[in-house]
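Everything on this sheet refers to the single structure shown next.
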Amino acid sequence: MITSLAAGETSAAPAFVEKRPLERYAAPAQPSLIGMSRDTLADALGEVGVPERQRRMRVQQIWHWLYVRGAQDFDAMTTLSKDLRRALAQRFTLARPEIAAEQVSIDGTRKWLLRLPGELTNAPHEVECVYIPETDRGTLCISSQVGCTLNCTFCHTGTQRLVRNLTAGEIVAQVVLARDRLGDWLAAQPTSGEEPKEGRELEKRLVSNIVMMGMGEPLYNFEAVRDGLNVVADGEGLSISKRRITLSTSGVVPNIARAGAEIGCMLAISLHAVTDELRDQLVPLNRKYPLRELLDACRHYPGLSNARRITFEYVMLKGVNDSLADAKALVRLLKGIPAKINLIPFNPWPGTKYECSDWEQIEKFSEVVFAAGYASPVRTPRGRDILAACGQLKSATEKLSARERLALRAMAMTD
Ligand code: SAH
Ligand code: SF4
């Protein structure tokens, strides 16, 4: 079902179309424990007969096996009795989503296409998850929906009709799966001076940061995103602090305040235009929540300071939003908000009407932004050879000129 909520017949901008999720999650007969909250896990233990007074302690033990050690088998959980392990294995699994494809880029970026169960047709759904290694951190970009509820005109995901909200479990499972594939779990404690054979020490974790910038609009799947991120941030488990988790939204204004209060992670706003007229076209949700309301919500986001800024994303579209007048207006618009600006080279997809701005233009635009005091404004498109961008798992290698390649490499070094 596709519902048109605001028509605006006389304007050139497309109607704001909000797709309702077409499918619901169909739980498997044997659910996975991955992603359950501590309370749900305690209930699960109740189901297999663990007395109430023991549940807290057992949850604590299982939490450690799931999220510190990365156990993939109940038998690995040696602090639990064999009977309890057997009972859990009969009723639950430790299943991760199936990997439909894995790609490794020459710069170390990895991209996984994950297959999630469908409800209606048994046709599985696919979402993306991308790992981007950098010198001082490793960032995992995760998805919140199959497809997207919204329809930004420059975004490939927005063209997909099929939408299903991911569950909290599926959100957490992307982090778990990345740690599996990267061998990023804590090493088992060595006995009597023996060297640990697998896993790593806590401070050397590869996945150190999360960005919710894959498929989907996270603030249209609020509860699952909140519950999933709260598991990811749990200091006794996956332990990725909320300061290292960034949620990107196209501007679902009422849920920005909720994200601040109920999640408390860092915020990124997909701005992309400095006037309502243009933003109505690029991000049709702007017709529902215009720039003034969006920026007001940003100003009131809790905990903002120069050390905790909002990131404003700005995709560079040739001849559309990339003039120097746009750059100056951007700087003016964000005045007074502790902000970072990320200029994102547009990643083209088959059938799109947009082109990426010329490199010279991106440089000139970025100089204006830089002169206004914003550091390193161009987000390096890492993993370009596997197209690690929103909604675009393709095998074709995008052609960049030698000069662009050099410029990108230089920026990656100084980032
Ligand atoms: N729905 C959320 C998060 C996912 S999109 C949002 O819109 O913020 C993550 C980022 O990728 C957004 O800033 C989005 O505008 C940008 N993006 C989408 N398609 C793109 C493309 N083809 N090229 C470059 N950036 C793109
Ligand atoms: Fe959805 Fe974000 Fe793409 Fe817009 S840019 S269609 S909100 S994923």
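One-based numbering, in listed order, for ligands and for the atoms of each.
In this structure, the side chains of E170 and V146 stay at 4.5 Å or more apart for every pair of heavy atoms. For the pair M212 and I171, the minimum side-chain heavy-atom distance is below 4.5 Å. Between I142 and V232 the shortest side-chain heavy-atom distance does not fall below 4.5 Å. Under the 4.5 Å side-chain criterion, counting only non-hydrogen atoms from C-beta, P254 is in contact with Y289. Looking at heavy atoms from C-beta onward, V163 lies out of side-chain contact with C148 at the 4.5 angstrom threshold.
At a threshold of 2.8 Å, atom 4 (Fe) of ligand 2 has no backbone or side-chain N, O or S atom of C155 nearer than that distance. Atom 1 (Fe) of ligand 2 has C148 among its coordinating residues (N/O/S atom, backbone or side chain, under 2.8 Å).
When each atom of ligand 1 is checked for a heavy atom of G216 under 4.0 Å away, the hits are 1 (N), 2 (C), 3 (C), 4 (C). Those atoms of ligand 2 with a heavy atom of G158 less than 4.0 angstrom away are 6 (S). Of all atoms in ligand 2, numbered sequentially from 1 with element shown, those under 4.0 Å from a heavy atom of S250 are 7 (S). Interface of S250 with ligand 1, defined as ligand atoms under 4.0 Å from a residue heavy atom, comprises 6 (C), 7 (O), 8 (O). Residue E313 has at least one heavy-atom neighbour below 4.0 Å for each of these atoms of ligand 1: 10 (C), 12 (C), 13 (O). Ligand-side atoms of ligand 1 in range of T249: 6 (C), 8 (O), range being under 4.0 angstrom from any heavy atom. For ligand 1, the atoms sitting less than 4.0 Å from at least one non-hydrogen atom of V315 are 24 (C), 25 (N), numbered in the order shown with element in parentheses. Which parts of ligand 1 touch C155 is read off a 4.0 Å heavy-atom cut-off, strictly below it: atoms 18 (C), 19 (N).
Aromatic ring pairs are classed by plane angle as parallel below 30°, tilted from 30° to 60° and perpendicular above 60°; the pair W349 and H156 is tilted.
Residues Y314 and F365 come closest through the heavy atom pair CE2-CZ, 3.5 Å.
Using a 3.5 Å distance cut-off with no hydrogens or angles, the side chains of H272 and R279 do not pair a donor with an acceptor.
Residue R56 places its CZ atom among 12 or fewer non-hydrogen atoms of other residues, nucleotides or ligands, all under 6.0 Å distant. No more than 12 heavy atoms of other residues, nucleotides or ligands sit less than 6.0 Å from atom NZ of K340.
Compare G251, S248, S270 by their heavy atoms: the one nearest to atom 3 (C) of ligand 1 is in S248.
For ligand 1, the polar-atom distance check against H272 finds a nitrogen or oxygen pair separated by under 3.5 Å. Every N/O-N/O distance between P345 and ligand 1 stays at or above 3.5 Å.
Under a 4.0 Å heavy-atom criterion, G158 is not in contact with ligand 1. At least one heavy atom of E217 sits less than 4.0 Å from an atom of ligand 1.
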